[in-house]
Amino acid sequence: MDNYLDLLNEPQRKAVEATEGPVMVIAGAGSGKTRVLTYRIAHLLNKGVDAFNILSLTFTNKAAKEMKERISSVVGHSEAKNLWMGTFHSVFARILRTEAPLLGYPSDFTIYDQQDAVSVMSKIITEMNLDKDIYKPKQVLGRISQYKNNLITVRAYMNNQTLIEADAEAMKPRMGDIYQAYVERCFKSGAMDFDDLLLRTNEILTRFPDVLSKYQERFKYIMVDEYQDTNHSQYLIVKALASRYENLCVVGDDAQSIYAFRGANIRNILSFQKDYPDAKLYPLEQNYRSSDTIVQAANNIISYNQDQLEKNVWTANDKGDKIAVYRALSDADEARYIASQIWERQISEHLQPKDFAILYRTNAQSRALEEALRKKGISYRVFGGTSFYQRKEIKDMVAYMRLLINQNDEEAFLRVVNYPARGIGQTTISKLLIAADQQKLTLFDLVDNITLLAPTIGINKGTALKLNDFILLIKRFQVMLKTHDVYEVTMEMAKATNFLNALKEDSTPEGISRLENVQELMNSIQGYVEEQQQLEDGDSSLSGFLENIALATDADNEDEDDNKVNLMTVHLAKGLEFPIVFIAGLEENLFPSMMAVNTRAELEEERRLFYVALTRAEKNAYFTYSVSRFRWGKIIDCEPSRFLEEVDDQFLSWKNLHIPTQRNNSGLSSDLFGDTPTSPSQSRSYPSEPRAKSVARQHPNANRPDPIKPKQNFKPIDQAKSASTSSANHLGLMIGQHVVHDRFGRGVVKDLQGDPSDMKAIIHFENAGEKKLLLNFAKLRIIS
DNA sequence: CCCCAACCGATTTTT
DNA sequence: TCGGTTGGGG
């Protein structure tokens, strides 16, 4: 494809062609910024720039992957494959694998996620004998995150009287000590949290000029997407790297800045031209995505914000339908309305499930929506919430894996040292922690010498033996990792640690689902190894896999069957688009959030969030709200969102104005709204107790027929499939049989090895070649 | 040391 | 209503 420039409009083309020097592209919603970025990179490559010299920072890994594919289709795969693309976190995690030893970290450092960090923090707060109600672990971490994102190290904090006083005033005079303890603890564990990935990168670039120089030469061309959502730490990294060549192109839209709560600094984009006085500015104002009504309504909304760059988003698209507004009586009613709209429009307009998205402010709102969709038999997928990798059984399994590559990882150690139970209790752990601290050893090193040290610590011989066994177990697999692939090692480990048996014993629906999740983890390891082996610069190591899952976001997960209605928070919907979008829960204290109505800045961010939500829609949007909602275990009354009033009525079509605004108990009722309590006033005449019950009856878990939680956003296990899997195992596979595998396709069984309870099959696949599969896990279907 | 029952807190958004 | 944590009994 050589005439790609013809596919662009005037400002887009200019932005693509301006490859040298600083460039800012202000891209209104739906104005084709991905297209600009893609062709800009393709253009660079066509001009002869080496792919190795291009760094492109995206907001999600999925965006990076998609962009890489699109570039491949323009310039060819061999050109595109060497591009550096990814999120800030994943790109710099990768660089830190090489450079972190400069700061004394192991190159196989662990990445602590939020859960790990909270767990570390809880321990610190307990150990320091501080009140957990004043020093709330999450809150404290949030504060530390702020410091880190502003490059305030422990030392800088200790010298900053203003900060110290602010914390003292906030009833937290020990913040400095906590901060120090937390940083030391992570360092000792060979671990970095998310903020460290950026902070330590900055530290290296500042302290080691030769390293900075290396990456400045390496990344001669830098592009940053969603620049409005970069924080100070990210800003400094970009600035440092770009300072030699200044071939920096940032793309963003100040109207879509929605991450201030985690440190995003809108000033980064607002003052780009101050940083780079000769920067060229290209505003993209033509929206190709949405109907005219949606574009205008969105402009109307955002005009209520004071802080913004001037721009005028317009579209040549048709006017389209008005935005439908539905006033529901309860959250269940709201969900039912949405589900039936989806159902009807699918049929009448030949739309598919994937054409619809339901967006909401908080993850908790998905419940009612899921229930309604399930009742109608509409397939859906929930993004976000507790992600797959945060599930307990997965975290446990991953903790074992983490220990293999970084034995000092204290969180991982503590997580699995007694799971499955091997007789190492809390008392022992406390003794170990104290001893490790005194002797300046890591837990692992301490326990590694436990036979010698046990008497001095006060641990009896039996317990010492158990501890020693644990260490030997881990060591055994560390050795195995050198000669076997990641999948085999993990599988063996899952068995040897009794991890699988412990799960198998639990025959409750939750237990079965847990086992299936572990199976799915195994599959994803296998998939990862396969995938990386096909890539020339692939990294099929265990640490590669762990890094991958630590930084994977929910938006990154791909579902093999993606023709489903999409449910997600507005935050997660950033960058996506859908023909029909429902924005649910437009109520005061929900959207805008109760926590964000106190300052103008907060409220403006909520409004931008609303703007983002609406501009996801291509063809048509719905606003829904309810007069009552099930929250915190009871029903509360709700007021419509102030944002609804801000939208000019000319863009709206009220769907059920016939419902009296005045609360009464008229019989709108059972046929329309089923078992929904008919009206709030009626509810008031009831004591609250029975009322709560009547709603509780329809709560998802109360009468859910199937035991497997469909809320899993990660490759939900197909029941039929797993049933046939197990029957295949029990019926016994035979040599010569034809089978189908989810990932590898059709194949023939060549050989069977091992005892019946743990059988391996050698299968020759038509497309994937010969594979050895563990029948306990491989999802096989026998076809002849 | 392990298991179970009672209790408390949660809901703003996420790399 | 849920899930995680804590404390007491076995």
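Order of the sequence lines sets the chain letters (A, B, ...), proteins ahead of strands, with each chain counted from 1.
Here A:Asn149 does not reach the OP1 or OP2 of B:dT15: none of its side-chain N or O atoms lies under 4.0 Å away. A:Thr569 has a side-chain polar atom (N or O) that falls below the 4.0 Å cut-off from OP1 or OP2 of B:dT14.
Here the side chains of A:Tyr419 and A:Lys392 are in contact, with some heavy-atom distance below 4.5 Å.
For A:Asn501, the side chain to side chain donor-acceptor pair (under 3.5 Å) partners at least two apart in sequence or on another chain are A:Asn498. Residues meeting the side chain to side chain donor-acceptor pair (under 3.5 Å) test with A:Thr153, sequence neighbours left out: none. Remark: A:Thr110 engages A:Asn406, A:Asp409 in a side chain to side chain donor-acceptor pair (under 3.5 Å) (not counting sequence neighbours). Not counting sequence neighbours, the partners of A:Arg600 by the salt bridge (Lys or Arg N to Asp or Glu O under 4.0 Å) test are A:Glu604. A search for side chain to side chain donor-acceptor pair (under 3.5 Å) contacts involving A:Glu646 returns A:Arg607, not counting sequence neighbours.
Mapped onto DNA chain B by nearest heavy atom, A:Glu602 and A:Thr463 fall at different nucleotides, with A:Thr463 at the one closer to the 5' end.
Looking at heavy-atom distances under 4.0 Å, A:Thr427 makes contact with sugar-phosphate atoms alone, never a base. Contact annotation for A:Glu605: no contact, since no heavy-atom pair falls under 4.0 Å across all strands. The residue A:Tyr259 sits close only to the backbone: its heavy atoms come under 4.0 Å of sugar-phosphate atoms, none of a base.
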Can you pull every protein N or O that's under 3.5 Å from an N or O on nucleotides 3-10 of chain B?
none

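Here A:Phe88 does not pack flat against the base of B:dT15, since the 5.5 angstrom centre distance and 30 degree tilt limits are not both met.
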